[in-house]
Amino acid sequence: MPELPEVETIRRQLAPRVAGRTIARARVFDPLWSAPVAPREVERKLRGRRIEALRRRGKYLIADLDEDRHLVMHLRMTGNLLWVAPEDDRPERPHLRVRLTLDDGHRLLFTDQRRFGTGVVIDGTHLLETYLSERVGPEPLDPAFTPDVLARAARGRRAPVKAFLLDQRRVAGVGNIYADEALFRAGIHPLRPAGRLRRAEIERLHRGIVEALERGIERQGASIDDYRDSNGDRGSMQDEFLIHLRAGEPCIRCGRPVRKTLAAGRGTYVCSRCQPAPRPRRRATPA
Ligand SMILES: [Zn+2]
């Protein structure tokens, strides 16, 4: 599932290509993508609009169009956004859901096997900000994201820190991969309650989040399943996971085998020495 580094990789590739171009034609083949708005309605709103910028907020990709119109896309589980040259006459990609044809003949294809991806057209900056602020919290690579911001978000939260990190309203853009990587970097067990982390741990977690995400962007994201960048190429972050998907392998820090467990309902990888479990459970012994 694409997380912040994967979406950011796509954004960086596409932003210079689409900025200033006009959407000549829009086709929405799958009504689920734009539901509850009808595909024809979305096509009409996009046709003829000029793309001014391509931005990212959390895992959302936002195409700012002229006249303060915005196309907000989410790739969800298996969405990809592919850039196809005019001269590319290969048959259309499998699982094609949306096709935007630009005025220079390039095509932007939203493909999506599982069909959870979405596109929403929003008019006006104010409505856009409302839409996003209801769904995503602080942007972890923004300079304004400090250990204090993280500490405030965690305060009073009894949820396990892994669930806290996966909640997009607490920290934007972190998913299963980068939550594991950040927690391992910080030496924090995924089941520790977020609100009970000490100040030094919050600072380590803050650094862990930022470093894990930056590493992911440097490696053009992780392709462990369907994720491809806008050129259809795989990222290489999966070759550099410190802990994620490494069950049974020796921990890179201490050599103890990495264990797979369940946290926040997700497969979670942990080193029991480097990430001490929350207070060891003691069995009640009969008197
Ligand atoms: Zn270890």
Side-chain angles (χ1 to χ4, degrees), residues 1-6 8-9 138 140-141 145-151 153-155 157-168 170-225 227 234-283:
M1 184 189 304
E3 304 180 28
L4 188 155
E6 289 74 35
E8 178 64 15
T9 297
L141 297 184
F145 181 70
T146 60
D148 283 340
V149 169
L150 183 62
R155 192 169 300 151
R157 300 268 155 216
R158 274 176 287 182
V161 61
K162 170 117 185 206
F164 165 81
L165 291 176
L166 295 181
D167 184 343
Q168 299 302 297
R170 308 292 166 230
V171 183
V174 177
N176 204 35
I177 294 172
Y178 297 94
D180 280 3
E181 295 291 291
L183 288 166
F184 176 73
R185 284 172 180 268
I188 295 172
H189 195 280
L191 293 179
R192 295 275 306 281
R196 299 234 189 95
L197 297 177
R198 295 185 300 271
R199 176 69 196 189
E201 291 173 320
I202 286 285
E203 286 176 10
R204 294 207 308 268
L205 181 57
H206 173 269
R207 195 163 58 244
I209 293 168
V210 171
E211 288 177 355
L213 293 174
E214 285 179 343
R215 192 77 181 140
I217 294 172
E218 279 169 26
R219 293 290 166 252
Q220 321 267 298
S223 291
I224 49 180
D225 37 42
Y227 168 72
R234 299 167 68 88
S236 63
M237 182 61 188
Q238 66 280 4
D239 303 329
E240 296 191 21
F241 288 158
L242 303 181
I243 190 100
H244 190 71
L245 297 184
R246 296 207 171 278
E249 295 177 36
C251 166
I252 56 159
R253 291 220 180 106
C254 74
R256 191 177 271 211
V258 172
R259 287 191 309 113
K260 183 179 183 185
T261 177
L262 207 60
R266 308 290 301 276
T268 295
Y269 298 83
V270 63
C271 172
S272 53
R273 180 174 290 171
C274 297
Q275 299 166 271
R279 44 175 144 94
R281 218 176 265 172
R282 253 183 276 158
R283 270 169 197 272

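Start at 1 and go down the list; that is how both ligands and their atoms are numbered.
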Exercise. Among all residues two or more places apart in sequence or in another chain, which pass the ring-ring contact (aromatic ring centres under 6.0 Å, His included) test with H206?
Worked result: F145

Problem set entry | Nearest atoms (heavy-atom pairs only) where Y269 meets H244 | CD1-ND1, 3.7 Å

Seminar exercise, completed: side chain to side chain contact (heavy atoms under 4.5 Å, CB included) filter on Q168, not counting sequence neighbours, yields K59, V136

Can you list, pair by pair, the side-chain donor-acceptor contacts under 3.5 Å of residues 251-264, counting residues two or more places apart and other chains?
residue	atom	partner	partner atom	Å
R253	NH1	F184	O	3.2
R256	NH1	S272	OG	3.4

For this session: Let me see the working for I217 and L141 under side-chain contact (heavy atoms from CB on, under 4.5 Å), right down to the final yes or no.
Result: CA-CA 11 Å; I217 294 172; L141 297 184; 3.5 Å; yes

Problem set entry | Residue among L166, L191, L205 satisfying side-chain contact (heavy atoms from CB on, under 4.5 Å) with V161 | L205

Exercise. Which protein N, O or S atoms lie under 2.8 Å from the Zn ion (ligand 1)?
Worked result: C251 SG, C254 SG, C271 SG, C274 SG

